[in-house]
Amino acid sequence: MTARKIIIDTDPGQDDAVAILLALASPEEIDVLGITAVAGNVPLPLTQKNARIVCELAGKTDVPVYAGCDAPLNRKLVTAEHVHGKTGLDGPTLPDPQMPLTEGHAVDFIIDTLRGHDAGTVTLCPLGPLTNIATAFQKAPDIVEKVQEIVLMGGAYFEVGNITPAAEFNIYVDPEAADIVFKSGAPIVVMPLDVTHKALVTKPRNDAFRALGTEPGIAVAEMTDFFERFDKEKYGSAGAPLHDPCVTAYLIKPELFTGRHINVEVETGSELTLGMTVADWWRVTDRAPNAMFMGDLDADGFFNLLTERLARL
Ligand SMILES: [Ca+2]
C-alpha cells in the first residue's frame, strides 16, 4: 500500500496535537505533505507555533508548517481558551520550537500542492475552522478535482452543539467557509461530535499513554489531563473526547468508523442556529448526499491504534 498524501489543516489544540502525532507516527499509511495552521481554538500566532511544537515533539522537524488565515471569512474570530487553556496546548511544559515557520501563506501552499498532483490524489484533513480550505477553493476552483477526499472534524447531529446549543465549534467559527466546503463537490468524510464524544480518554486509556514512558506519550497524557477537566464538568463524562485524532485514525483504519452517506448543509443565516450542520441522517429530503457522516466508532480499537502508534515516536 502506498502512503496516502495529506495536508493537515489545524488549530492546535491538544486534540489536534494528538491527531498530528498519530499521522507523523504512521508513515506507512500517511505521507504528511505539510501542515497548515488556521485561527481557531486560539489565535493564529499560537496555532502556527503549536503546530511546530508538535512536530518537534514527534521528532519530525522536516515537515513544512505554514501560517494561514488569521480570521474567518467574514466574521470575528471566536476562540476556545476556556477549553484548551491560554496557549492552546496547556498541560505539559513543552519547549518553544526551534524549527522555523515555512515562508509563504498556507492557502498558497494548499493551492500549489494540489495543482502539482494528479486529480484525486491529495487528501485534506481539516481539524479546525474551514477558513484556509474555503479560501483556497475560492481562489483556485480548479484544485477541487485534485482532492481525493476531505476528512474533517466538525459538526454534529445527535449531539447538536458544544459552542452553542445548536453548533459545533469548528463549523460555528466560520460557517461561511464550511458552507463553501460542503458545497464544493469534493468527497467529504465528517467526524462529528456524535463520533468524537465516543472517543473518551478514560483513566486506563490515559494511563496507557503515560506508561509509554516516552516524551510524546507523557505529553499526550498531560494534555488530556488538562482538558478533561472541562469536559467532565460540562458533560459529566468519563474523560475528555479526542475529537481530531478520529480524522487521522480514519486514514489508517477506516473500519473503526461507521456512518451514512447523506446530505449535510450548514446554517449561515439564523443567529439562533448559526453553524448548525443540518444532516439528513434519516434521509427525509431528496437533497443529494454530499458527505459520509460518521455516527459510531470502535473506541477500544481506536485507543489501541493510538497507543500503539504513539509508542513508535
Ligand atoms: Ca482542532
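Counting convention: from 1, in listed order, for ligands and their atoms alike. Position 1 is the first residue of the sequence, and the numbers go up from there.
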#### Entry: Contacts of the Ca ion (ligand 1) with protein N/O/S atoms, counting only those under 3.0 Å
Asp11 OD1, Asp16 OD1, Asp16 OD2, Leu127 O, Asp244 OD2
### Residue pair Asp179, Thr268: steps toward the side chain to side chain donor-acceptor pair (under 3.5 Å) verdict
CA-CA 8 Å; Asp179 187 50; Thr268 56; 5.0 Å; no
### Query
More than 12 heavy atoms of other residues, nucleotides or ligands under 6.0 Å from CG of Asp286: is that the case?
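Not more than 12 within 6.0 Å, no.
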### Query
Would one find more than 12 heavy atoms of other residues, nucleotides or ligands at under 6.0 Å from atom NZ of Lys49?
no
### Task
Give me the ring orientation class for Tyr66 and Phe109: parallel if the planes are under 30° apart, tilted from 30 to 60°, perpendicular past 60°.
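Because their plane-to-plane angle is under 30°, the rings of Tyr66 and Phe109 count as parallel.
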### Query
Do NZ/NE/NH1/NH2 and the carboxylate oxygens of Arg205 and Asp300 come within less than 4.0 Å?
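Yes, Arg205 and Asp300 are salt-bridged.
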### Message
Could you go through Ile262 and Tyr157, starting from their C-alpha distance and side-chain angles, then the distance that decides it, and tell me whether this counts as side chain to side chain contact (heavy atoms under 4.5 Å, CB included)?
### Response
CA-CA 12 Å; Ile262 57 172; Tyr157 181 62; over 6 Å; no
